[in-house]
Structure formats: C-alpha cells, structure tokens
Participant: 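Can you read through this structure? Questions will come right after.
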Amino acid sequence: MLKWLAGVLLVLIALLQYRLWFGEGGLRELAETRARADAVETANEPLRARNQRLAAEVSDLKTGLDAIEERGRSELGMVRRDEQFFWVPGVVIESALIEQNALPIGAEEGRP
C-alpha cells in the first residue's frame, strides 16, 4: 500500500512539474511574455524621447516668446519690422546664422 501511495504521489508531482514548466501560464510562457515586453519597451524608448521633446516644446510655447518667434521665423518666414530681409536664391543657411547676422535698420545707417 505504501509503494502504491508513493507511486501516485510521484505521478502527481511529475504532472504538477510538467504544468509548471510547460503548461498554460507556466515558466515558458512567462519567459516568452517577458521577452515580448522587453521588445516593446525597446521600441517605445524613441517614442518616449520624442514625447519629452514635444512636451518641452509645448511648455516653451506656452511660457516664452522666444520659442514662438523661432517658430515664426523658421516655419512661416516671418521678419520683424525693424529688420531687413535679403533672399538669395539657391543659398541655404541655418536659422541660427540668420538670427546672428540680422541687423536692425537703425544700425545700418550709422555704418560708413
């Protein structure tokens, strides 16, 4: 009787171990789920960085006038009233150089 009981217990332990390792919700499925979660996390990193940049830009647009002016200059081609705009076809310059080299109208009159 004890041998029979020991055999039944061994079979139950084997079935439970099989279910733990290979069954539904077992360790194999857990490893696959973790691998998929890691892949999704890796794919989301650039999106998180982009969202942070956009959030910073939104807060700049809400609080400061510099960001609004920069947007107007780069995207809409706006020029202030006290500036002169010179367009040279075929020449591309970065917007930082344009702002750095821009002179107010009154400054040109005093030059020799």
Side-chain angles (χ1 to χ4, degrees):
M1 168 103 172
L2 220 46
K3 289 183 182 181
W4 183 78
L5 183 60
V8 169
L9 287 176
L10 281 175
V11 168
L12 284 175
I13 288 174
L15 287 175
L16 288 174
Q17 285 294 316
Y18 176 80
R19 186 168 182 205
L20 173 68
W21 290 97
F22 305 110
E24 183 179 337
L27 294 177
R28 180 186 290 179
E29 188 175 334
L30 177 65
E32 291 172 358
T33 303
R34 283 185 179 165
R36 283 195 313 262
D38 290 341
V40 168
E41 188 71 29
T42 303
N44 283 343
E45 282 302 316
L47 299 175
R48 279 196 186 102
R50 186 193 70 178
N51 286 346
Q52 288 175 349
R53 284 192 311 269
L54 289 174
E57 187 175 343
V58 166
S59 69
D60 276 350
L61 289 172
K62 285 182 178 180
T63 59
L65 296 177
D66 293 336
I68 295 172
E69 183 179 345
E70 178 184 342
R71 274 278 176 125
R73 287 175 179 274
S74 65
E75 293 181 7
L76 302 175
M78 297 180 81
V79 179
R80 288 189 293 213
R81 291 180 188 209
D82 61 344
E83 293 178 337
Q84 290 183 356
F85 176 73
F86 297 97
W87 176 62
V88 181
V91 176
V92 178
I93 309 177
E94 292 185 25
S95 63
L97 292 174
I98 293 172
E99 290 180 12
Q100 183 181 21
N101 295 329
L103 293 174
I105 291 176
E108 280 190 16
E109 293 172 3
R111 287 186 3 191

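Computed from a predicted structure; not experimentally measured.
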Participant: Rest of the hydrophobic cluster containing Leu47 (Ile/Leu/Val/Met/Phe/Trp/Tyr, side-chain heavy atoms under 4.5 Å)?
Facilitator: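 Cluster partners of Leu47: none, it stands alone.
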Participant: Restricting to side chain to side chain contact (heavy atoms under 4.5 Å, CB included), what partner residues turn up for Val8, sequence neighbours left out?
Facilitator: Trp4, Leu12
Participant: Got a sec, which residues hit side-chain hydrogen bond (donor to acceptor under 3.5 Å, both in side chains) with Glu75, two or more places apart in sequence or on another chain?
Facilitator: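 side-chain hydrogen bond (donor to acceptor under 3.5 Å, both in side chains) list for Glu75, sorted by chain: Arg71.
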Participant: Please go through Leu15's hydrophobic cluster and name the other residues, only I, L, V, M, F, W, Y counting, with side-chain heavy atoms under 4.5 Å joining them.
Facilitator: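 Cluster partners of Leu15: Val11.
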Participant: Test question: given the 4.5 Å side-chain rule for I, L, V, M, F, W and Y, name all other residues clustered with Met78, or answer none.
Facilitator: Leu76
Participant: Applying side-chain hydrogen bond (donor to acceptor under 3.5 Å, both in side chains), can you list everything that pairs with Glu41, at least two apart in sequence or on another chain?
Facilitator: Arg48
Participant: Please go through Leu5's hydrophobic cluster and name the other residues, only I, L, V, M, F, W, Y counting, with side-chain heavy atoms under 4.5 Å joining them.
Facilitator: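 Result for Leu5 is Leu9.
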Participant: Could you measure the distance from the CG atom of Leu27 to the CZ atom of Arg34? Nearest 0.5 Å is fine.
Facilitator: 9.0 Å
Participant: Crowded around Glu24 CD? As in, over 12 foreign heavy atoms under 6.0 Å?
Facilitator: no
Participant: Is the count of non-hydrogen atoms from other residues, nucleotides or ligands lying under 6.0 Å from Leu65 atom CG greater than 12?
Facilitator: no
Participant: For Val79, what residues pass the side chain to side chain contact (heavy atoms under 4.5 Å, CB included) criterion, not counting sequence neighbours?
Facilitator: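 If we apply the side chain to side chain contact (heavy atoms under 4.5 Å, CB included) test to Val79, skipping adjacent residues, the hits are Glu83, Phe85.
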Participant: Using side chain to side chain contact (heavy atoms under 4.5 Å, CB included) as the criterion, list what pairs up with Leu16, not counting sequence neighbours.
Facilitator: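 Applying side chain to side chain contact (heavy atoms under 4.5 Å, CB included) to Leu16 gives none.
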Participant: Not counting sequence neighbours, which residues clear side chain to side chain contact (heavy atoms under 4.5 Å, CB included) with Thr33? List them please.
Facilitator: Glu29, Arg36
